[in-house]
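Below is one structure; the comments refer to it alone.
Reckoned from all heavy atoms, side chains included, excluding hydrogens, waters and symmetry mates. The model shown is predicted, which means the values in this text are computed figures rather than measured ones. Residues take their numbers from the sequence shown, with the count starting at 1.
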Amino acid sequence: QKVFLDVHNLHLHTLKVLQKIVEESSAVVPQHGAVDAAPHRSLPEEAKESVIQFIRNYGNRYGLPQPAAPRGRPSYPPVYLPASHKKGNIFEMCLESLNDLNFPVQFSYRTFRRIWKVHAPEVQVMKRRTDVCSHCDQLRECVRHARTVAQTKTATDNLTDHMRQAEAERAYYKSAIQQAKDCLEDDSVQPVTHATFDFAQQLELPCHTRQVGPLYFKVGYRVQLFGVCQEAQRQQANYLFSEKQSIGEDGKKAHGPNAVISMLHHYFANNPVLPNLHLHADNCTGQNKNKSVLAYLMWRCLTGLSSSIELSFMRVGHTRCSVDGYFGLVKQKWRSTENDTMDDVKRVVNESCRANTAVMFDWLWREWDVYLSCYFKPLPGITKYQHFTMSSDDKAHVFCRKNITDAPVKFRIARDGVSMPVSAVDLPRELPAAGLSLSRQAYLEKELSTYFSASAQACLPWK
């Protein structure tokens with residue numbers, strides 16, 4: 001008995017009480033009388049429900065609804081309140097509303113915030129840098145300023161239809177990822193590789209945790225970050241190149257179609273991808289949604305590099321995807337480290353998370369736009385469509401859809417009377433990196449060199 005008491009840190013009286021409980025109540029664990037009982041000063045349940053309903057009604061009236069965010073976020077669709085709407089002011093309006101409803105209850109601002117956080121987390125006050133859809137904002141303003149019943153109904157229907165389309169695009173994006181995951185586990189599922197590609201906001205060197213004041217007003221040495229993410233395998237290749245290594249002088253044409261296609265071609269050639277591809281990208285016409293990218297994907301089907309390719313674009317303002325999440329991890333690491341050289345940028349990307357891999361500049365820029373224009377013609381009204389499908393079975397046409405549920409529209413983009421390429425051996429001519437102009441080199445040497453660390457002075461990134 002003494003050993004048992006010592007092992008379990010019990011007193012003899014406590015042991016006897018436990019033995020009595022076991023004998024009388026068949027080992028039922030005793031509970032305190034206050035368990036599951038509401039505190040005597042707690043807010044009445046009816047009043048709490050009124051507070052929750054007030055918060056949700058306030059969000060429906062002034063908020064901007066959004067589709068549910070991608071993986072890593074809550075599943076409920078958030079409703080963003082304007083940043084000018086403070087929770088303290090909403091709390092005061094809630095108290096006035098409860099008094100008008102004959103609920104003479106008093107509760108603290110802290111209790112109000114706790115109820116909001118637990119029972120209405122979808123209603124959020126927008127941060128200053130929150131990215132929202134401008135079309136959603138315009139439609140919401142139309143609803144708020146409607147004067148007649150007919151105007152209110154029309155504006156509400158337009159907003160509902162837009163949100164329904166955005167939610168459908170989000171669901172289609174998730175289903176494409178799930179299909180790519182299923183084919184890795186089940187051989188009976190059609191094999192397909194899903195990937196998302198996009199540019200991140202450019203990085204600038206030097207970047208220090210303690211930034212010197214004058215450096216804020218300088219134009220740093222720019223480094224571009226382009227990511228290709230395979231969500232099913234949780235891997236993202238991050239292509240890094242500086243303004244000296246860009247196609248255009250001083251970093252120009254870094255986001256053009258030649259740059260995008262060259263990096264995509266390098267990625268597909270050096271990573272395991274299946275013949276069936278499904279790609280997602282944002283709606284930027286200069287980078288992704290243009291005749292050159294579409295022609296390149298058709299060229300892959302013609303030359304046997306791919307069997308079928310589907311290129312999908314998300315709705316403008318609703319383009320959040322996994323590649324942006326991995327960019328966010330890079331930015332978190334970037335802000336907390338000392339960065340002076342391209343090797344530092346590579347280290348930051350590789351250490352940001354296990355899924356991120358840095359790809360330093362060792363690929364070739366090629367003149368894809370001129371080469372592809374010899375075989376393919378532009379697609380009329382390309383900006384109106386969101387989904388493009390091409391296959392090796394039909395080597396001249398692209399099937400386009402404005403929405404997921406629409407029937408595909410067939411367009412011929414192959415030029416008439418031109419012999420189409422049948423092999424990927426013949427590639428466009430190489431484009432050398434344009435480097436830096438003399439004026440840009442002089443600026444970097446004069447304005448920025450003194451802000452680099454002593455260890456980086458011997459190997460400044462532009463030299």
Quiz prompt | Contact check, side chains of Leu98 and Ser50, non-hydrogen atoms, under 4.5 Å | solution = yes
Quiz prompt | Side-chain touch Ile90/Met93, heavy atoms, less than 4.5 angstrom | solution = yes
Practice problem: May I ask you to test the Ile404-His387 pair for a side-chain heavy-atom distance under 4.5 Å? | Solution: yes
Practice problem: Kindly assign one of parallel, tilted or perpendicular to the pair Tyr375 and Tyr371, based on the angle between their ring planes and the thresholds 30° and 60°. | Solution: perpendicular
Self-check item: Audit row: Asn350, Asn356, side chain to side chain contact (heavy atoms under 4.5 Å, CB included) steps and yes/no
Solution: CA-CA 6 Å; Asn350 289 331; Asn356 276 328; over 6 Å; no
Quiz item: Tell me the salt bridge (charged side-chain N to carboxylate O under 4.0 Å, His left out) pairs involving residues 354-378, sequence neighbours left out?
Solution: Glu367-Arg429
Self-check item: With sequence neighbours excluded, residues passing side chain to side chain donor-acceptor pair (under 3.5 Å) with Tyr172
Solution: Glu310
Quiz item: Does one side chain, of His208 or Asp340, offer a donor that lies under 3.5 Å from an acceptor on the other?
Solution: yes
Would you list the atom pairs, donor with acceptor, under 3.5 Å between side chains in residues 218-226 and any protein atom, with sequence neighbours excluded?
| unit_1 | atom_1 | unit_2 | atom_2 | d |
| --- | --- | --- | --- | --- |
| Lys218 | NZ | Glu447 | OE1 | 2.7 |
| Tyr221 | OH | Ser242 | OG | 2.9 |
| Arg222 | NH2 | Glu243 | OE1 | 3.3 |
| Arg222 | NH2 | Asp250 | O | 3.2 |
| Gln224 | OE1 | His255 | NE2 | 2.9 |
| Gln224 | NE2 | Gln202 | OE1 | 3.1 |

Practice problem: Just say parallel, tilted or perpendicular for the rings of His266 and Tyr239, cut-offs at 30° and 60°. | Solution: perpendicular
Practice problem: Taking the side chain as every heavy atom from C-beta outward, state whether Met314 and Tyr173 have any atom pair closer than 4.5 Å. | Solution: yes
Exercise. Check Gly227 against Phe327 and note the closest heavy-atom contact, atom names and distance.
Key: N-CZ, 3.5 Å
Self-check item: Passing option when Glu231 is tested against Lys181, His194, His280, Gln178 for side-chain contact (heavy atoms from CB on, under 4.5 Å)
Solution: His194
Quiz prompt | Side-chain donor or acceptor of Asp406 paired with backbone N/O of Asn403 under 3.5 Å | solution = yes
Quiz item: Between Arg347 and Asp343, does at least one N-O distance fall below 4.0 Å, as a salt bridge requires?
Solution: no
Practice problem: Hey, could you give me the SG/CG distance between Cys94 and Asn89, rounded to the nearest 0.5 Å? | Solution: 13.0 Å
Practice problem: Go through the steps for Ser352 and Gln332 under the test side-chain hydrogen bond (donor to acceptor under 3.5 Å, both in side chains), then give the verdict. | Solution: CA-CA 8 Å; Ser352 59; Gln332 288 182 2; over 6 Å; no
Practice problem: Nearest 0.5 Å please: distance from the CG atom of Asp344 over to the CG atom of Leu205. | Solution: 7.5 Å
Quiz item: Do other residues, nucleotides or ligands put more than 12 heavy atoms under 6.0 Å from Lys48 NZ?
Solution: no
Quiz item: How about Thr193 and His278: does a side-chain donor come under 3.5 Å of a side-chain acceptor?
Solution: no
Quiz item: Between the main-chain N or O of Val123 and the side-chain N or O of Trp116, is there a donor-acceptor pair closer than 3.5 Å?
Solution: yes
Quiz item: Considering all heavy atoms of both residues, which atom of Leu277 and which atom of Val273 are nearest to each other, and what is their separation?
Solution: CD2-CB, 4.2 Å
Self-check item: Spacing of Trp368 atom CH2 and Leu264 atom CG [to the nearest 0.5 Å]
Solution: 10.5 Å
Practice problem: Report the C-alpha distance between Lys346 and Met360 in whole Å, list the side-chain angles of each, state the deciding distance to 0.1 Å, and finish with yes or no for side chain to side chain contact (heavy atoms under 4.5 Å, CB included). | Solution: CA-CA 7 Å; Lys346 177 181 178 181; Met360 305 305 290; 3.6 Å; yes
Practice problem: Please test Tyr58 against His85 for ring-ring contact (aromatic ring centres under 6.0 Å, His included), starting from the C-alpha separation and ending with a verdict. | Solution: CA-CA 11 Å; Tyr58 191 90; His85 292 222; 5.7 Å; yes
Self-check item: Note: Arg56-Glu122 ion pair, threshold 4.0 Å (strictly below)
Solution: yes
Self-check item: Atom of Ser336, atom of Thr209 and distance for their closest heavy-atom approach
Solution: C-CG2, 3.5 Å
Quiz prompt | Spacing of Phe91 atom CZ and Ile55 atom CD1 [to the nearest 0.5 Å] | solution = 10.5 Å
Quiz item: Does the side chain of Ile309 come within less than 4.5 Å of Thr389's, by heavy atoms?
Solution: no
Quiz item: Please walk me through it: do Phe241 and Trp365 pass ring-ring contact (aromatic ring centres under 6.0 Å, His included)?
Solution: CA-CA 12 Å; Phe241 61 98; Trp365 300 123; 5.2 Å; yes
Quiz item: Between Tyr326 and Gln235, does any side-chain donor sit less than 3.5 Å from a side-chain acceptor?
Solution: no
Quiz item: Roughly how far, to the nearest 0.5 Å, is CG of Asn270 from CH2 of Trp363?
Solution: 11.0 Å
Quiz item: Got a donor-acceptor contact below 3.5 angstrom from the Thr148 side chain to the Gln151 backbone?
Solution: yes
Quiz item: NZ of Lys331: more than 12 outside heavy atoms within 6.0 angstrom?
Solution: yes
Quiz item: Is the closest side-chain heavy-atom distance between Phe388 and Leu297 below 4.5 Å?
Solution: no
Quiz item: Just how far is it from atom CZ of Arg300 to atom OG of Ser308, taken to the nearest 0.5 Å?
Solution: 11.5 Å
